[in-house]
Amino acid sequence: MAQYRRAGAAVAVIRLHNAPVNALSSAVVQALAQGVKKADLDPSVKAVVICGANGKFSAGADIRTFSSLQPRDRPALAETVSLIERSQKPVVAAIEGVALGGGLEVALGCHYRIAHAQARVGFPEVLLGILPAAEGTQRLPRLIGIPAALDLITTGRHVLAAEALKLGIIDEIVKENTVERAIELASKVSGQPLGPRKISLKPVPDLPDMEAILSEALVKVKRKARGRLSPEMCIQAIKAAVQLPFAEGVEKERELFRFLLGSGQAKAQQYAFFAERAVEKWTMPSGTSWKTASAQPIRKAAVIGLGTMGRGIVTSLVKAKMLVVALEQDQKQLDIGREAVTSLLQWEASKMQQSGQSQDICDPARLQFTLDFGALRDVDLVIEAVFEDMALKKEIFRKLSTICKPEAFLCTNTSALDIDEIAAVTSHPHQVIGTHFFSPAHVMKLLEVIRGHHTSPTTIATAMSLAKTLNKVGVLVGNCFGFVGNRMMAPYVEQAIFLLEEGCKPEEVDQAVEGFGFHMGPFRMLDLAGLDVGWRSRKGQGLTGPKLAPGTPARQRESRRYSPLPDFLCEQGRYGQKAGKGWYLYEKPGGRTANPDPWLYNFLSEYRETHGIKARFVDQEEILERCLYALINEGFQILADRIASAPEDIDVIYIYGYGWPTHRGGPMFHASTVGLPHVLSRLQKYSEAHPDIPKLQPSPFLKKLVALGSPPLREWVSHVRQPSSKL
Ligand code: 3H9
């Protein structure tokens, strides 16, 4: 747990040992404290080095044990950090890999810090709904000053050794032999006075406008936090470092930590942390899983189509150091695409330069632009990212099937279309898979990976590994219209539009949803995505447009309620932001400020009058419940249909692809928190009031779980009906 050894005559080395990331479990903390005490008591030891096993210092406190933490106790980790600082002998932290959270707090208790050039440090606690609670909020501001401490503690970002050195977090960077160099330093400084090296004894560097800096930081985090408590509490703890002596600041830190730890938000964010890791361990309904399937290496990839999605995908691939062929259908589109990708790569390179990272990963020399399908002969993987048009996609896959080498993987970037139909036109359907990127594809972390009926385990493993290489979170899902993300989005958007018919304004619906913590409500989101996208899809499905049977009632499709409102908007050219008007009015086409539109109010009144709808007041609770519970209800159906293999899959998709607030843990976690009986009873109430909206009728699986006594979320899938042996 923490190995103690002697290096040379006078240096004791304590190595933290808890695979895979040396998390500071209570056993590790105890062993660390014992090591420090032992070194202190041994007169032959003149200095101490603390390091971590397997090239990692420590990823901090053991998050798995938080639920059993007794909030009233002083964290043992904080005691140990103080113990290290109080040591009579110099203690040097040798940081390799990561020193995060409690790991960095241990390092800040040390008198010197040496880091490997590739090491990363940071306080990511805020992302887990808590704050650094082993005196980190009190030491870091004393070491690097308030503005930098505010930045690191409230964002949770990791910083590379070069930036850490600049900030003053570490004293020295080494390219190799970090521990050996730490031992040398420890020997050199033994006997020197330790007072100036004890961070808790330092004053917080004073600034004339300290109050203003703290207030501005508070305004900034409140604006961004959308209801998350931890960033604000981090600022309060840092403020305590400014205003109070160290010991009292530590008390304040502890009080805030206790509050956060007991909050539902910390539980939700920690659930999300583990859910993100759980989705990597994919399983197919057949039982085949990540354990047995192995990914093939991808050295060279191709992207077909350089529209918004294609450009982002190319940028991601280049950043991942792959050789990339980018293909377009005509010279004009190719030139536009090339220019756009080049500027995206330049932008990425400048961001990397600012954070001290090597920019050579944005090297455009790895990228070839072409109009010639022949250039795809030797690629290992192709990502088709053309328009959502089945006929076009099939034509491309037919071509790919004859041109690409037989072992090449063929991916389609689609948000809804049938993977099996596309795979059927190729001679290698087991190598065809859906890869649904989210826009902008070089930024958004989610990759929905869709297995078709014939997709092989190797193809799945390769697509999931590609996600990781691109620094994305891949979630494996089954093939159905809209997969998981968009299938759940449809009833949510449908409710939002029905609410307009019933009397709401777009901004009322958006405010309710944004108040819950979403970055954007449904109408701002629709305007951003473009209303024409859904219109085209509805026309394709025959819900509107020329394929609609004459005499179909305006607000009904096959006895279900239907709202033609978005179709009417599109008929008027109101396609959203790009047109300067949609559900809102914008300052210009492409403008970003959504203003309420009096034209729309009139339009809605006339519409209601035409259809004999009496507008009513709808309260926030109904808005939220109808939108969110319709979405969650679909999630239960998706689990029952085995399209998602666990609730965590759905939650990760919603957090990373659709802006679901992390502090609410994802839609399925949220349902488990508010209680399944509550969700069921509200859906029953709304479906009774709106019997013509099938998506409000509670999913049989939700009913089953309630009848079983609402088991905990991790047990839900064990209650999904197994497929019959014929399947
Ligand atoms: C804290 O320190 C609070 C203190 O201030 C005060 C306390 C009083 N604990 O991500 P990976 C597991 S809060 C337990 O796939 P990578 C992880 O679940 C802590 N387990 O690897 C996974 O398990 P499995 C603040 C942890 O190389 C395995 O390790 N620290 C912890 O892509 C591998 O993880 C953080 O927030 C942990 N602390 O990334 C850092 N960390 O194999 C959180 C990881 O069963 N960790 N695991 O699925 C990370 O950011 C990444 O794991 C890290 C490695 C960058 C370290």
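Just so you know, ligand 1 is whichever comes first in the structure, and atom 1 is the first atom listed for that ligand. Keep in mind the model is a prediction, meaning the values are calculated, not measured.
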Using a 4.0 Å heavy-atom cut-off, say whether [X] meets ligand 1 through its side chain, its backbone, both or neither.
X: A23; value: side chain
X: F123; value: neither
X: L128; value: side chain

Taking N or O atoms only and a 3.5 Å limit, does [X] qualify as a polar contact for ligand 1?
X: I63; value: yes
X: E125; value: yes
X: E105; value: yes

Open item on the list: Under 4.0 Å from a heavy atom of A133: which atoms of ligand 1 are those, numbered in the order shown and with their elements?
Closed with: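 So the answer, numbered in order with elements, is 5 (O), 6 (C).
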TODO: Output the list of atoms in ligand 1 that are nearer than 4.0 Å to some heavy atom of F274, sorted by atom number.
DONE: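 Answer, ordered by atom number: 18 (O).
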- [ ] May I ask you to establish whether R277 and F273 are in a cation-pi arrangement, using a distance under 6.0 Å from NZ or CZ to the six-membered ring centre and at most 45° from the ring axis?
- [x]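 Yes.
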- [ ] Would you verify whether the NZ or CZ of R664 falls within 45 degrees of the ring axis of F669 while also being under 6.0 Å from that six-membered ring's centre?
- [x]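 Not flagged: R664 not positioned over aromatic ring of F669.
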Is a donor on one side and an acceptor on the other found under 3.5 Å between the side chain of [X] and the backbone of [Y]?
X: K472; Y: L447; result: no
X: H111; Y: P90; result: no
X: Q138; Y: A247; result: no
X: D171; Y: R113; result: yes

Measuring from [atom], which candidate in [options] has the nearest non-hydrogen atom?
atom: atom 30 (N) of ligand 1; options: G60, G101, A59; value: A59
atom: atom 41 (N) of ligand 1; options: T65, L131, V21; value: V21
atom: atom 11 (P) of ligand 1; options: R277, K56, E253; value: R277
atom: atom 33 (C) of ligand 1; options: P20, P132, G122; value: P20
atom: atom 20 (N) of ligand 1; options: V126, V81, N18, D62; value: D62

Task: Test item, F66 contacting ligand 1 (heavy atom, 4.0 angstrom) - done: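 Yes, that is the case, since the closest heavy atom of the residue is under 4.0 Å from the ligand.
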Open item on the list: Contact between ligand 1 and K281 is defined here as a heavy atom of the residue under 4.0 Å from a ligand atom; is it met?
Closed with: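 Heavy atoms of K281 do come under 4.0 Å of ligand 1.
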Task: Identified side-chain contact (heavy atoms from CB on, under 4.5 Å) counterpart of I95 within the set I114, V106, I170 - done: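 For I95, the side-chain contact (heavy atoms from CB on, under 4.5 Å) test succeeds with only one of I114, V106, I170, which is I170.
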Open item on the list: Distance alone, cut at 3.5 Å: any donor-acceptor contact between the side chains of Q265 and S230?
Closed with: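 Note: Q265 and S230 side chains miss the donor-acceptor criterion.
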- [ ] Evaluate the criterion ring pair (Phe, Tyr, Trp, His ring centres under 6.0 Å) for residue pair Y658 and F438; output intermediate values, then yes/no.
- [x] CA-CA 9 Å; Y658 295 85; F438 287 70; 5.4 Å; yes
Task: Check: H663 ring centre within less than 6.0 Å of F516 ring centre - done: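 Centroid separation for H663 and F516: 6.0 Å or greater.
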